[in-house]
Amino acid sequence: LWPWLLASSGLSALVQLVILPFFPDSPSYLLIQKGNEEACRKAIRKLWGEGDHQAEIDDIMKEKGAMASTKTLRVLEVIKDPSLRWQLYILMTVMTTLQLCGINAIYFYSFEVFHTAKFEEYLIPYVSLGVGLCECLSSILCSTLIDRFGRKVLLWGGYTLMGSVLALLTMTLSLQHRFFWMHYFSVILIFLFVVFYGIGP
């Protein structure tokens, strides 16, 4: 079954490959990059139907004017520019914490935790699949929560809950030889960690 599950990801790529030629190009790309206003109008009509879309074209023209007046910076210029320093610090902090938050360790050791929890060998891949599905569903949930609470709240909440779960997971893994039910608690914590990761970072 696993070879089929792995191959199924190619199905969506094949569908995209077949239908992509029938999709119109982005109107802003056609007008800003290509300078083709007629093709832009045609793409807008294909996307939004017939009608007067002059307001949308005017918006794209404003965007083109703003881009023309903006200087493109090289990487070193971005690093040296004092006005971009805080944005750069924030971006580096977010990306660093995303890499070091522990999700890779959770995925790497989850098989061993499931095995220690006395799951049958043939069930462990399906439980691991459930962990991945959990992350996918929580990411979808995040897209609805971000409009209500904002990115900052979700980041703070996600990292706080993930840190708490990792502390509890360390404790349950240390005590799993004393109490048999700690194995199952560890499995629950892995699922919770993945949910909080999907909702937060």
Side-chain angles (χ1 to χ4, degrees), residues 1-34 36 38-51 53 56 60 63 91 94-151 154-155 157-159 161-162 165-166 169 183-184 186-201:
L1 185 62
W2 277 103
W4 289 103
L5 285 172
L6 188 62
S8 66
S9 60
L11 183 63
S12 63
L14 184 63
V15 169
Q16 290 178 49
L17 193 65
V18 170
I19 65 174
L20 200 57
F22 302 102
F23 282 17
D25 285 319
S26 164
S28 57
Y29 165 76
L30 290 169
L31 191 58
I32 295 172
Q33 301 293 330
K34 296 292 186 181
N36 191 338
E38 186 53 41
C40 173
R41 289 180 184 278
K42 187 177 177 184
I44 286 175
R45 283 196 298 271
K46 196 169 183 181
L47 287 168
W48 298 325
E50 296 295 331
H53 301 293
E56 286 83 1
I60 296 171
E63 183 182 343
L91 182 65
V94 170
M95 295 313 296
T96 303
T97 53
L98 188 61
Q99 290 300 314
L100 302 175
C101 69
I103 188 68
N104 294 324
I106 288 290
Y107 275 123
F108 186 79
Y109 289 108
S110 61
F111 186 90
E112 187 178 333
V113 173
F114 297 151
H115 190 267
T116 310
K118 304 293 189 294
F119 278 99
E120 295 290 339
E121 198 75 32
Y122 73 94
L123 284 176
I124 292 176
Y126 296 102
V127 179
S128 299
L129 184 64
V131 171
L133 184 63
C134 216
E135 182 180 351
C136 182
L137 293 174
S138 60
S139 298
I140 295 168
L141 177 63
C142 176
S143 63
T144 60
L145 293 176
I146 198 166
D147 291 331
R148 180 177 292 182
F149 299 107
R151 186 77 180 128
L154 290 184
L155 277 173
Y159 281 123
L161 292 169
M162 285 163 60
V165 168
L166 282 178
L169 187 59
H183 302 302
Y184 306 106
S186 298
V187 172
I188 293 168
L189 288 173
I190 285 174
F191 275 90
L192 284 175
F193 183 89
V194 170
V195 168
F196 296 146
Y197 173 79
I199 291 173

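Just so you know, these numbers come straight off a predicted model, no measurement behind them.
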Only counting residues at least two apart or in another chain, list the ones meeting side chain to side chain donor-acceptor pair (under 3.5 Å) with Y107.
-> E135
How many angstroms lie between atom OG of S128 and atom CG of L123, to the nearest 0.5 angstrom?
-> 10.5 Å
Under the side chain to side chain contact (heavy atoms under 4.5 Å, CB included) test, residues paired with P24 that sit two or more places apart | A43, K46, L47
Separation between CZ (R41) and CG (L31), nearest 0.5 Å, reads 9.0 Å
Contact summary for T97 and V94, nearest pair of heavy atoms | OG1-O, 2.9 Å
Using a cut-off of 6.0 Å, state whether more than 12 heavy atoms not belonging to Y159 lie near its atom OH.
-> yes
In Å and rounded to the nearest 0.5 Å, what is the CD1 to OG distance from I44 to S26?
-> 9.0 Å
Criterion side-chain contact (heavy atoms from CB on, under 4.5 Å) on I60 and C40, from CA distance to verdict = CA-CA 10 Å; I60 296 171; C40 173; 4.3 Å; yes
Under a 4.5 Å cut-off applied to non-hydrogen side-chain atoms, are P27 and E56 in contact?
-> no
The reported gap from CZ in F111 to CD in E121 (rounded to nearest 0.5 angstrom) is 5.0 Å
Gap separating the CG atom of L133 from the OG atom of S138, nearest 0.5 angstrom | 9.5 Å
Result of checking V113, L169, L189 against I106 for side-chain contact (heavy atoms from CB on, under 4.5 Å) = L169
Looking only at heavy atoms, what is the nearest atom pair of F191 and V127, with distance?
-> CZ-O, 3.8 Å
Rounded to the nearest 0.5 Å, what's the gap from SG on C101 to CE on M162? Could you check?
-> 3.5 Å
Let me check something: any side-chain donor-acceptor pairs from residues 193-201 under 3.5 Å, sequence neighbours excluded? List them with distances.
none

